[in-house]
Amino acid sequence: EVQLVESGGGLVQAGGFLRLSCEAFGFTLDNWSIGWFRQVPGAGKEREGVACTSNSDTTRYYADSVKGRFTISSDNAKNTVYLQMNSLKPEDTAVYFCAAGPGAYICGRPEDDYDYWGQGTQVTVSS
């Protein structure tokens, strides 16, 4: 069964850090690009693309809102992608999802282009 499982969310004070993990089951990440999205429940907004790494890890994409604070990385041996989030702000509060899209050209594309999604992990940043 193909599955993405996120972990690492939690409650942190502004200025703090968290590291999210996205582990893939049922497939290997070699041929997939992995994106991180976030969504504020009840806000009526679509999911926002936060960061993405291509299957060959040659391309990394970051939303302007997180550049310089978030870093995406992958460990193919563990079939896991990480999102290191530093200098967190209250506006980073959201449910964070990872998603897998085929090939090397998915990063920066809309969420509909991704095939598999995790269940999400809550990140709450207090002021």
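All values derive from a computational prediction rather than experimental measurement.
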- Task: Give the cluster check for Tyr116 versus Phe97: same hydrophobic cluster or not, with ILVMFWY residues linked at side-chain heavy-atom distances below 4.5 Å.
- Result: no
- Closest non-hydrogen atoms of Ala104 and Ser54, given as atom of the first, atom of the second and distance, are O-CB, 3.8 Å
- Would you mind reporting whether Leu20 and Met85 have side-chain heavy atoms less than 4.5 Å apart? yes
- Message: So, applying side-chain contact (heavy atoms from CB on, under 4.5 Å) with Ser33, which one of Thr53, Ile106, Asp113 is it?
- Response: Ile106
- Point-to-point distance, once rounded to the nearest 0.5 Å, from SG of Cys98 to CD of Gln119: 7.5 Å
- Query: Asn79 side chain to Leu29 main-chain N or O, any donor-acceptor pair under 3.5 Å?
  - Reply: yes
- Message: With clusters defined by side-chain heavy atoms of hydrophobic residues (ILVMFWY) lying less than 4.5 Å apart, directly or transitively, does Val81 cluster with Val50?
- Response: yes
- Note: Ala100 and Ile34 closest approach over all heavy atoms is CB-CD1, 3.6 Å
- Taking all heavy atoms of Pro41 and all of Val95, pick out the closest pair and write down the distance. CG-CG2, 3.8 Å
- Task: Measure from the side-chain N and O atoms of Glu6 to the backbone N and O of Gly120, and report whether any donor-acceptor pair falls under 3.5 Å.
- Result: yes
- Message: Enumerate the side chain to side chain donor-acceptor pair (under 3.5 Å) contacts for residues 80-96, please, sequence neighbours excluded, ordered by first and then second residue.
- Response: Arg38-Asp92, Arg38-Tyr96, Arg69-Asp92, Gln84-Asn86
- Kindly say whether the aromatic ring centers of Trp36 and Phe70 come within a distance under 6.0 Å. no
- Item | Side-chain heavy-atom pair Gln39, Glu46 within 4.5 angstrom cut-off | no
- Do Trp117 and Tyr61 share a hydrophobic cluster, counting only Ile, Leu, Val, Met, Phe, Trp and Tyr and linking them when any side-chain heavy atoms are less than 4.5 Å apart? no
- Query: For Tyr114 and Cys52, which heavy atoms make the closest approach, and how far apart are they?
  - Reply: OH-SG, 3.6 Å
- Task: Would you kindly confirm whether Val2 and Leu4 end up in one hydrophobic cluster when ILVMFWY residues are joined by side chain heavy atoms under 4.5 Å apart?
- Result: yes
- Item | Check: Cys107 and Arg60 side chains under 4.5 Å, non-hydrogen atoms | no
- Have Ser21 and Glu23 got a donor and an acceptor in their side chains that come within less than 3.5 Å? no
- Item | Beyond-backbone contact of Val12 with Phe17, side-chain heavy atoms, under 4.5 angstrom | no
- Note, Glu48 side chain near Ser65 side chain (heavy atom, < 4.5 Å): yes
- Side-chain touch Asp30/Asn76, heavy atoms, less than 4.5 angstrom: yes
- Message: Same cluster or not: Leu18 versus Leu83, using hydrophobic residues (I, L, V, M, F, W, Y) connected whenever any side-chain heavy atoms lie under 4.5 Å apart?
- Response: yes
